[in-house]
Amino acid sequence: MAAKRGDARSKRGINERLQPVPEPRSEPPLSRERIVTTAVELLDGEGVDGLTMRRLADRLGSGVMSLYWHVDNKEDVFDLALDSVLEYRGPPQTVESQDWRGEVVHMLEDWRASMLRHPWSASLLPRRALGPNMLSRLELLSKTLSRAGVADADLNVAIWSLWNYVMGATITRASFDLSDDERAAAQQRLTRLSERYPTIERSRLLLDNDWDGAFRKGLGFLLDGLTPG
């Protein structure tokens, strides 16, 4: 009986050795694209101050030094992450549109929406190198305004005016985010001071939270002044 039990154990041992050994699960290969995607996720969750090369490497399941085969440094990561969220895919068109205003509105609303989805981008954009996606946006915007009749001598002013409008509207929306109760309380305080501030009290300024509508209407005012006729 002992011999039979020994034979059975031996056969089990042989069978177990013949079974395929499951390979340990591993992360996808490290690449620049994966680094940038993970950096955007980290920035979305923790902001600019939360991104370090150590935290990025930990999220990727790699060593810090491995990152430098794909990116130069943290500043390079910021540039790549910023440009990735500013990619613009315009509406599909089979022929050149004659509705230049509609194109500009779509471009700038998309730009603002992209930055609001990634609030850290608004703080980075003014002090980063402009990447290919942002330069493509500016090129398309310039081309569209030029086609609409904006003179070359005025084109830079038009572009910077629209840039300032989008950036200002985005930063204000991202930072001026009061709850309904806070908004109502602020308006009540303003009402008590109505003799000093009669116009903004009458317009109910602090209760107005139609950010999208105000952005589009204000953009319309700006575009009216940029083109002849």
Side-chain angles (χ1 to χ4, degrees), residues 22-92 103-144 159-179 209 211-212 215-216 219:
E23 295 184 3
R25 296 179 61 184
S26 61
E27 296 289 346
L30 199 59
S31 65
R32 173 175 283 204
E33 180 180 359
R34 188 164 162 251
I35 291 171
V36 172
T37 299
T38 305
V40 170
E41 293 171 356
L42 187 57
L43 286 162
D44 286 346
E46 304 192 32
V48 172
D49 292 337
L51 190 148
T52 66
M53 296 302 273
R54 167 57 63 190
R55 287 182 180 176
L56 184 55
D58 289 345
R59 286 248 181 145
L60 290 161
S62 73
V64 173
M65 297 309 297
S66 298
L67 300 181
Y68 294 112
W69 287 98
H70 305 277
V71 295
D72 294 336
N73 47 41
K74 187 171 76 169
E75 300 305 307
D76 191 25
V77 174
F78 279 137
D79 287 342
L80 293 167
L82 177 63
D83 200 54
S84 73
V85 302
L86 292 175
E87 183 178 4
Y88 178 61
R89 296 183 179 89
E103 288 185 29
V104 170
V105 169
H106 185 277
M107 261 184 270
L108 299 187
E109 286 187 329
D110 178 85
W111 179 4
R112 171 176 170 265
S114 296
M115 289 196 295
L116 286 176
R117 285 194 299 272
H118 309 281
W120 50 271
S121 63
S123 65
L124 281 184
L125 185 55
R127 52 194 176 93
R128 307 305 310 175
L130 297 182
N133 285 327
M134 192 63 219
L135 290 174
S136 294
R137 280 181 181 268
L138 294 176
E139 172 63 20
L140 181 58
L141 181 59
S142 298
K143 186 184 298 184
T144 304
I159 292 298
W160 286 121
S161 297
L162 293 171
W163 172 292
N164 291 337
Y165 181 71
V166 174
M167 291 298 295
T170 303
I171 292 170
T172 300
R173 175 66 186 93
S175 58
F176 198 83
D177 196 15
L178 301 177
S179 68
N209 63 348
W211 296 101
D212 295 341
F215 177 81
R216 179 172 282 222
L219 180 56

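Scope of the values below: all heavy atoms of this structure, side chains included, with no hydrogens, waters or symmetry mates. What you see is a predicted model, and the numbers here were worked out from it, not measured in a lab.
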Looking at every heavy atom in both R137 and L86, which two are closest together, and how far apart are they?
NE-O, 2.6 Å
Of the non-hydrogen atoms in F78 and L124, which two are nearest, and what is the gap between them?
CD2-CD1, 3.8 Å
Between R32 and V71, is there a donor-acceptor pair closer than 3.5 Å when you use the side chain of the first and the backbone of the second?
no
Donor-acceptor pair, side chain of T38 and main chain of I35, under 3.5 angstrom:
no
Is the shortest side-chain heavy-atom distance between H70 and R34 below 4.5 Å?
no
Passes side-chain contact (heavy atoms from CB on, under 4.5 Å), T170 versus V166? Steps please.
CA-CA 6 Å; T170 303; V166 174; 4.0 Å; yes
Test side-chain contact (heavy atoms from CB on, under 4.5 Å) applied to L30 and L67, step by step:
CA-CA 8 Å; L30 199 59; L67 300 181; 4.2 Å; yes
Would you say that L82 contacts L43 through its side chain, given a criterion of any heavy-atom pair below 4.5 Å between the two side chains?
no
Report the residues that fulfil side chain to side chain contact (heavy atoms under 4.5 Å, CB included) with N73, sequence neighbours left out, ordered by chain and then residue number.
E75, D76
Side chains of R112 and R173 in contact at under 4.5 Å (non-hydrogen atoms)
yes
When you measure from the side chain of T172 to the backbone N and O of G168, does any donor-acceptor pair fall under 3.5 Å?
yes
Close side-chain approach of W120 to M115, heavy-atom, < 4.5 Å:
no
Side chains of D212 and E109: does their closest heavy-atom pair fall under 4.5 Å?
no
Check against side-chain contact (heavy atoms from CB on, under 4.5 Å), T52 and L42
CA-CA 9 Å; T52 66; L42 187 57; over 6 Å; no
May I ask you to say whether R89 pairs ionically with D110, meaning some side-chain N is under 4.0 Å from a carboxylate O?
no
Those residues at least two apart in sequence (or on a different chain) that pass side chain to side chain contact (heavy atoms under 4.5 Å, CB included) with Y165 are F215, L219, L222
Distance (rounded to the nearest 0.5 Å) between R54 CZ and R59 CZ:
14.5 Å
How long is the straight-line distance from CH2 of W163 back to CG of L108, given to the nearest 0.5 Å?
11.5 Å
Evaluation steps, side-chain contact (heavy atoms from CB on, under 4.5 Å), between I171 and F176:
CA-CA 8 Å; I171 292 170; F176 198 83; over 6 Å; no
Could you check if a side-chain atom of S114 sits within less than 4.5 angstrom of a side-chain atom of V85, using non-hydrogen atoms only?
no
Roughly how far apart are L116 CG and S121 OG, rounded to 0.5 Å?
8.0 Å
Measure the spacing between CG of L60 and CE of M53 and express it to the nearest 0.5 Å.
9.5 Å
Looking at every non-hydrogen atom in both residues, tell me the closest pair between L51 and K74 and how far apart they are.
O-CD, 3.5 Å
Does CD belonging to E46 count more than 12 external heavy atoms closer than 6.0 Å?
yes
So, does S84 use its side chain to make a donor-acceptor pair with the main chain of A81 at under 3.5 Å?
yes
H118 backbone acceptor or donor facing D44 side chain under 3.5 Å
no
Treating D83 as the side-chain partner and N133 as the backbone partner, does any N or O pair qualify as donor plus acceptor under 3.5 Å?
yes
Between the CG atom in D79 and the CE atom in M134, the distance rounded to the nearest 0.5 Å is 13.5 Å
Do V36 and V77 touch side chain to side chain, with heavy atoms closer than 4.5 Å?
no
